[in-house]
Every structure is written in structure tokens, then in C-alpha cells.
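A note on names: the letters A, B, ... follow the listed sequences, proteins ahead of strands, and every chain is numbered from 1.
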Number of protein chains: 2
Amino acid sequence: MRPIYFDYNATTPVLPPVRAAVLPYLGEQFGNPSSGHAWGVAPKRAVAIAREQVGRLVGVGAGQVVFTSCATESINTVLKGLLGQRAGKSLVITAVEHPATLAAAAFLQEQGVRVTRVPVDGEGVVDPAAVIDACGGNTALVSVMLANNETGALQPVAEIAAALGDRGIPVHCDASQAVGKIPVDMRQLGVQYLTLAGHKLYAPKGVGALVLSPGQNLTPLLHGGGQEHGLRAGTENVALVAGLGAACALASADLEVEGERQRGLGLRLLQGLERLGADYRLHSAGVPRLPQTLFIGFRGLAAGDLLSGLVGHDVAVSGGAACHGAETTLSHVLEAMGTPAEYARGTLRFSWGRGTTGEDVDQVVERLGRVLGSLG
Amino acid sequence: MRPIYFDYNATTPVLPPVRAAVLPYLGEQFGNPSSGHAWGVAPKRAVAIAREQVGRLVGVGAGQVVFTSCATESINTVLKGLLGQRAGKSLVITAVEHPATLAAAAFLQEQGVRVTRVPVDGEGVVDPAAVIDACGGNTALVSVMLANNETGALQPVAEIAAALGDRGIPVHCDASQAVGKIPVDMRQLGVQYLTLAGHKLYAPKGVGALVLSPGQNLTPLLHGGGQEHGLRAGTENVALVAGLGAACALASADLEVEGERQRGLGLRLLQGLERLGADYRLHSAGVPRLPQTLFIGFRGLAAGDLLSGLVGHDVAVSGGAACHGAETTLSHVLEAMGTPAEYARGTLRFSWGRGTTGEDVDQVVERLGRVLGSLG
């Protein structure tokens with residue numbers, strides 16, 4: 001059976017042109033960008049070009065882009081950079097943020113920072129008024145993701161940032177799951193900080209970026225040499241940075257056309273589920289979502305059984321719930337949405353991308369049908 | 001003219017077998033090691049194998065190895081993990097540490113940590129008794145590099161750690177410039193934390209490791225998912241981690257033989273300088289040093305002029321001093337050593353490695369001779 005990968009939100013393949021952009025810096029062009037001699041020239045230029053490519057994808061200049069090792073580092077940099085050593089100050093996040101945000105916030109809370117976790121509705125979306133109301137004079141940062149990694153639901157980041165901008169409260173947007181999938185313009189969003197992850201947009205794992213609006217004053221997480229405008233020390237990861245730049249350039253080229261194609265694949269998947277007569281619920285069905293993510297609860301079933309069944313049919317997806325013996329642990333996102341248990345327990349995340357064809361979708365439907373039949 | 005790279009301490013080429021170890025994870029094996037399905041299997045195994053390879057090179061088990069994005073991250077993790085939020089506690093370092101250690105220490109000092117910078121002698125070596133004497137009841141960490149990146153001088157880390165172990169004061173050793181060049185056994189060193197950098201031992205830039213002795217209780221720098229035993233969150237940089245593992249395996253295979261070969265190249269370089277009749281001083285001449293580094297001051301000359309001359313002859317080295325108009329700024333290492341200005345200002349660092357041949361050395365000598373002649 002042909003293996004089918006439907007877990008692009010976990011990580012994406014590295015596109016061949018991205019790999020081609022990486023390779024010179026694992027070979028002849030191995031120099032340190034800080035070197036004053038010939039070996040430093042091409043690596044330094046590669047980092048500069050990548051910086052422009054990343055900036056262009058999110059609508060800002062190269063000078064605003066700081067390369068990091070991953071989205072987790074970008075997130076930790078912003079949260080700790082603005083709230084480290086600031087007991088008594090306040091951080092506002094949503095209940096459905098990525099674990100990096102949740103864990104960094106919990107750490108800061110232990111240090112005396114006040115953390116407010118704004119709940120979401122049944123569709124997994126935060127009410128912008130609730131976020132804005134949660135902010136007070138002590139609020140040093142608001143951090144809201146753009147697209148949820150599980151549901152794909154888009155959060156009202158621009159509305160929040162517009163309201164808080166007037167009050168001088170900075171907003172960080174974790175756009176890891178959005179950049180490269182939907183158009184993201186940092187200035188339209190109106191946020192001061194934006195995180196993106198290489199391996200969610202066809203670059204390798206091990207590289208990310210933090211994009212800052214001009215004039216921000218951020219304490220670095222990594223002190224040392226003066227790399228990355230003094231905001232992120234450490235010899236540049238030239239090869240993977242070049243890959244991230246190439247991936248951003250590719251995304252820029254056909255983002256909307258490819259997004260529409262992928263949205264079409266989602267409709268095809270849902271039509272397939274209808275054909276199967278599956279008893280399911282599409283989470284976040286009523287709100288704007290990523291074009292290539294469907295988070296689906298199958299009534300009365302357990303995600304673990306569905307995953308095992310699909311693994312047996314060479315289909316890779318993720319689950320929204322995990323079984324530990326007789327106990328079922330729902331993802332924090334499903335918990336926050338208050339999804340009814342009969343649907344929540346049997347939730348799978350289907351996520352696809354540039355490599356996915358209509359035939360892949362049909363195959364997934366057919367194999368899922370067999371799994372549902374065996375569990376029914 | 002054939003370009004000659006004599007700046008291995010700035011960064012090393014990626015060895016072909018290392019590149020070969022990287023490539024699968026930029027291709028078919030792109031999966032996320034945390035995935036429960038088939039795509040996670042090979043990447044997860046690759047990280048596990050690399051962890052063993054890194055551990056083996058420094059004489060410890062895989063369970064003690066935490067992958068990071070670079071030595072700067074490893075250093076910041078240890079220093080901030082043990083001294084962050086601990087105003088009044090004390091950190092002891094040497095005056096010749098890498099900028100990452102110096103800058104992280106300066107940051108902690110601003111937060112109320114007491115930082116002692118123990119001076120070095122004229123050879124660039126710290127007196128172990130001075131480090132030990134600098135430690136008191138409030139000392140939470142001592143951080144001493146194993147090999148200095150400029151002079152190549154080895155520091156008495158084992159002596160320091162032996163004395164402090166009895167007092168329960170943990171020692172971090174930044175072994176970035178030593179691992180892969182000389183045998184490094186973490187248990188023989190007796191340190192609790194050890195930093196190593198991929199791109200100093202023929203792996204790519206963008207990956208490093210922090211090695212911990214069992215039972216350490218370190219606050220992570222990056223919070224998020226539970227990767228790396230919970231000590232370093234973020235999706236694993238599978239490709240470059242695999243490369244670091246391969247590089248460590250290669251280093252393990254012939255470390256002493258290759259070290260002797262490289263030491264021989266250094267003798268050949270010094271003999272060449274004698275032949276040229278150059279008026280020079282070998283810094284740290286009287287102490288144990290790395291086999292592949294020579295830090296040499298040319299009397300009465302300026303490093304900037306020497307570097308320009310060598311760039312013109314396609315030879316890449318680093319300088320120990322930089323000119324800014326009429327001012328000369330010595331490296332902090334030369335400053336700390338109190339090197340006489342007539343030699344310090346004209347200091348170059350020659351560093352070589354596995355790719356260097358005797359013919360390369362002879363070429364460097366010949367071209368340096370021409371530069372010295374033109375400046376004489």
C-alpha cells in the first residue's frame with residue numbers, strides 16, 4: 001500500500017528547491033559569515049538574502065527579521081524578553097496557544113508574572129473583547145496565535161492588536177502554522193512581534209524566525225556575539241537559514257493559488273466522509289480556518305483506535321486525544337473548546353499540503369472507511 | 001592562486017560523511033520524531049543514534065546529552081539555568097572565556113548576580129588556586145573553557161573541578177574548541193556541565209550539545225514540548241543532529257593519530273617562520289595547547305595589514321587585534337594576558353585541521369613571507 005502523509009501540521013517535507021538552497025552551505029560555502037576573508041562572503045550574503053525573503057513573505061523589511069533555531073525559541077525569546085525579571089507585570093494569552101507559549105507562560109508565572117489565559121468559544125476562537133478586557137496597566141505583552149495547530153481556526157489577531165496598539169501594549173503573534181499557508185502581513189496584523197517556523201513551511205527543522213516591528217526593545221534570550229542585530233547570539237545556521245529563505249520565496253510565489261487548491265482537497269475529503277456515511281463533527285466548522293487542516297471528531301470512537309487503524313493502512317494523521325489505559329486525555333485545545341466527549345475522544349487531525357493530490361484524498365477516504373468499518 | 005583556509009577555529013568544513021548523514025533528513029526522512037506514525041520512526045532513531053555518538057566522544061551515556069542549536073545556547077542555558085532569578089548568588093569565570101560566557105555573565109550581573117572574572121597569566125592560563133579561592137558559599141557555578149579559541153591554551157579544568165566537587169560547587173566547561181581536537185572525557189574532567197559546538201568539529205553550523213552529569217537540576221532556557229528530557233523544548237533539528245552525531249563518530253575514530261598529524265603541521269609552520277627570519281612571538285608557547293592552533297604576534301606590525309596582505313594572497317586566517325582608524329583594539333584574550341603591545345598588535349591566529357596538508361603549510365609560509373616582505 002502506498003504510504004500517505006496527512007500530517008503536514010506536525011512537519012512538512014523539505015521541498016527540493018529548498019534542499020538545493022541548503023546544500024552549498026554544507027559543502028564548499030562552509031565559511032563563517034563573521035569572517036572577514038573570502039570564506040565569509042557567500043555565507044554572509046546567503047543569510048542576507050534569506051533575511052529579505054523571509055521579510056518579504058510577511059510584508060516587512062529584512063532589518064526586522066531575526067533568525068532563531070525554531071518557533072519555540074522565538075516564543076521563549078519574546079515572552080521572557082519582555083517579562084523575565086518583571087514580577088508583578090502581566091501576560092495575556094489564550095487557552096489554545098502552542099505548548100511553547102503555555103509552558104513559557106507557566107514558567108514566568110512561577111517567577112511572579114501574572115498570567116491570564118483567555119478562554120475560547122466552542123469553535124476554538126477567542127473573543128477579541130475578552131482579550132482586550134483582560135489587559136490592564138501592568139500588561140507587558142499579549143500573545144495570540146494566528147492559526148491553531150489542531151483546529152486550524154484563525155484567531156482575531158488584527159482586531160486585538162488594533163485595540164491594544166492605541167494603549168501601547170505590544171502583541172506577539174505565533175504565526176507558525178499560518179505563514180506559508182495563508183497570506184500573513186505583519187503590518188496588516190498590526191503586531192509588534194511575529195513568530196514563524198521553518199519546518200511548517202517546507203524548510204528543515206532547526207530554523208525559525210522572530211520578526212519585530214521597528215523600535216522594539218527586547219532583551220535577548222541568547223547573549224554572546226553580536227549576531228542578528230544583537231538580538232540572537234550564536235554563529236548563524238547558514239545552511240538552514242538559506243533553506244528557510246528559499247521556502248519563504250516559494251511560498252510567496254503562489255500562496256493564494258496553492259491555498260485554494262488545498263482548500264479544494266479539504267472539501268473533497270469532507271465529501272468523502274459524507275459518502276462513507278461517517279458520524280462525525282468538524283471542529284471549528286463555523287469559523288475561518290486554514291485551508292489544509294480538518295480537525296474531525298468521530299462519534300463514539302477513540303482516537304487511539306482510529307490512529308492504530310490508519311497506521312495499519314499506511315496513513316499518517318495526528319490525534320486530538322490520547323489514551324492512557326482506561327483514561328482518555330483530550331488535547332488542551334479540545335478541552336478549552338468544551339467539545340462534547342462523544343466527539344472529542346475520537347478526534348483526528350488531517351493536514352495536507354503541496355505534495356498532496358486528489359488521489360491521495362480519495363485513498364485516505366477509502367482507507368478510513370475500512371478502519372471505520374472495522375471499528376463500527 | 002589556490003585559496004588556503006587556515007581558520008578552522010572560526011568554523012570547519014562539513015566533512016563528506018557528515019553531509020551524507022544529514023541528507024536523508026532533508027529528503028525522504030523528513031518526519032517529526034514526536035510523531036507516532038511511520039514517518040516519526042527513522043528521525044527518532046537518528047536522534048537517538050546521534051545522542052549515543054556524541055556521548056561516546058566525551059565518555060558518557062546518551063542519556064546525558066541534550067542537543068541545542070549552538071554552543072552559545074548551551075552556555076546561556078547553563079549560566080542562566082543556574083543563576084537566573086538568583087540575585088546575590090555568585091558566578092566565577094575566567095577573563096578569557098568565549099564572548100557567549102562573558103556576555104551571559106554580564107547580563108546576569110545586571111540582574112544582581114555577583115560575577116568574578118579570574119585573571120590569567122602571561123601565557124593565557126588561569127591559576128586553578130585563584131579560581132578555587134574565588135569561590136565562596138554563594139557560588140552557584142564556575143565556568144571555565146577547556147581550550148581557548150584564540151591561543152589554543154588548555155585550562156586546568158580537571159584540577160578546578162576536583163577541588164570544587166568536594167565543596168558541591170558545579171563546574172561548567174565550555175569545550176567547544178577542544179572536542180574533536182583532543183581527547184575530552186567528561187568524567188575525567190570531573191565537570192557537571194560540558195558544552196560542545198557542531199561547527200567546530202566538522203558538523204554544520206546550527207547544532208551543538210550540552211552534556212550533563214547525572215542528577216543535575218537545571219532550569220531550561222527553552223520551555224515548551226518535552227523534547228530533550230524536558231531540558232530543551234522545540235522540534236528536534238533532526239538533520240543537523242544526525243550530522244553532529246556522525247562528526248563525533250568520525251572524531252572518535254582517529255582523534256589521537258589525527259591530532260599528532262596536525263601537531264606536526266604546526267611544527268612545520270613554525271619552522272617555516274624561522275626560515276623566513278620573521279620576528280615573532282608564539283603566544284602561550286610554554287603551556288599545553290591545542291595541536292592545530294598557533295597564535296602568533298609579529299613584532300611591530302598591525303594585524304589588519306597582515307590580514308589584508310594574506311587576503312590578497314588567498315590565505316584565510318583570523319586576527320587578534322582590530323584597527324579602528326588610528327586606534328587598535330586588542331582581543332580580550334591578548335588584553336587579559338598583558339601581551340606587550342609591540343607583539344600583540346600584529347597577532348594572527350593560524351588554525352588548521354583534517355583538510356590541511358603539509359603543502360598547504362608550505363604555501364602559507366611562502367605567501368606570508370611575501371606579505372611580511374611587503375610590510376617590512
Given the options A/A105, A/P204, A/A100, which has more heavy-atom pairs under 4.5 Å with chain B than any of the others? A/A100
Side chain, backbone, both or neither of B/L102 within contact of chain A (heavy atoms, under 4.5 Å): neither
Which bit of A/D7 is near chain B, if near means a heavy-atom gap under 4.5 Å: side chain, backbone, both or neither? side chain
Looking at OG1 of B/T77 and CG of A/L222, how far apart are the two atoms once the value is rounded to the nearest 0.5 Å? 7.5 Å
Heavy-atom contact with chain A under 4.5 Å, split by part of B/Q29: neither
Point-to-point distance, once rounded to the nearest 0.5 Å, from CG of B/N76 to CG of A/L221: 7.0 Å
Distance (rounded to the nearest 0.5 Å) between A/L26 CG and B/L15 CG: 12.0 Å
Given a strict heavy-atom distance threshold of 4.5 Å, which part of A/S35 is in contact with chain B: side chain, backbone, both, or neither? side chain
Name the region of A/T219, side chain, backbone, both or neither, that has any atom closer than 4.5 Å to a heavy atom of chain B. side chain
Flag the pair A/L23 / B/L23 as yes when at least one side-chain heavy-atom distance between them is below 4.5 Å, and no otherwise. yes
Give the C-alpha distance, both sets of side-chain angles, the deciding distance and a yes or no for side-chain contact (heavy atoms from CB on, under 4.5 Å) between B/V22 and A/V22. CA-CA 11 Å; B/V22 167; A/V22 167; over 6 Å; no
Can you tell me which portion of A/P43 sits under 4.5 Å from chain B's heavy atoms? Options are side chain, backbone, both or neither. neither
Below 4.5 Å from any heavy atom of chain B, which atoms of A/A10 appear? Answer side chain, backbone, both or neither. both
Given B/P99, B/C70, B/A316, B/G234, the one with more heavy-atom pairs under 4.5 angstrom with chain A than any other is B/A316
Contacting region of A/E28 [heavy-atom separation from chain B under 4.5 Å]: neither
Pairwise distance CZ(B/F30) to OH(A/Y202) - rounded to 0.5 angstrom: 10.0 Å
Measure up the A/W39 and B/Y5 rings against each other and bin them: parallel (under 30°), tilted (30 to 60°), perpendicular (over 60°). tilted
Which one of A/S318, A/G36, A/P3, A/A239 has the most heavy-atom pairs closer than 4.5 Å to chain B? A/P3
Name the option with the most non-hydrogen atom pairs under 4.5 Å to chain A; the candidates are B/G225, B/S308, B/G31. B/G31
Let me know if B/P220 has heavy atoms under 4.5 Å from chain A in its side chain, its backbone, both or neither. backbone
Below 4.5 Å, heavy atoms only, C-beta onward: do A/L307 and B/H37 meet side chain to side chain? no
Say you draw a straight line from OG1 of A/T11 to CD of B/E236; how long is it, rounded to the nearest 0.5 Å? 10.5 Å
Contact summary for B/H223 and A/A104, nearest pair of heavy atoms: CB-N, 3.7 Å
With distance as the sole test, does B/K205 use its side chain to make a donor-acceptor pair with the main-chain N or O of A/L240 at under 3.5 Å? no
Side chain, backbone, both or neither: which part of A/N237 has a non-hydrogen atom closer than 4.5 Å to chain B? both
When the 4.5 angstrom heavy-atom criterion is applied to B/A233 and chain A, the contacting part is both
Side-chain heavy atoms of B/S69 within contact of A/R232, under 4.5 Å: yes
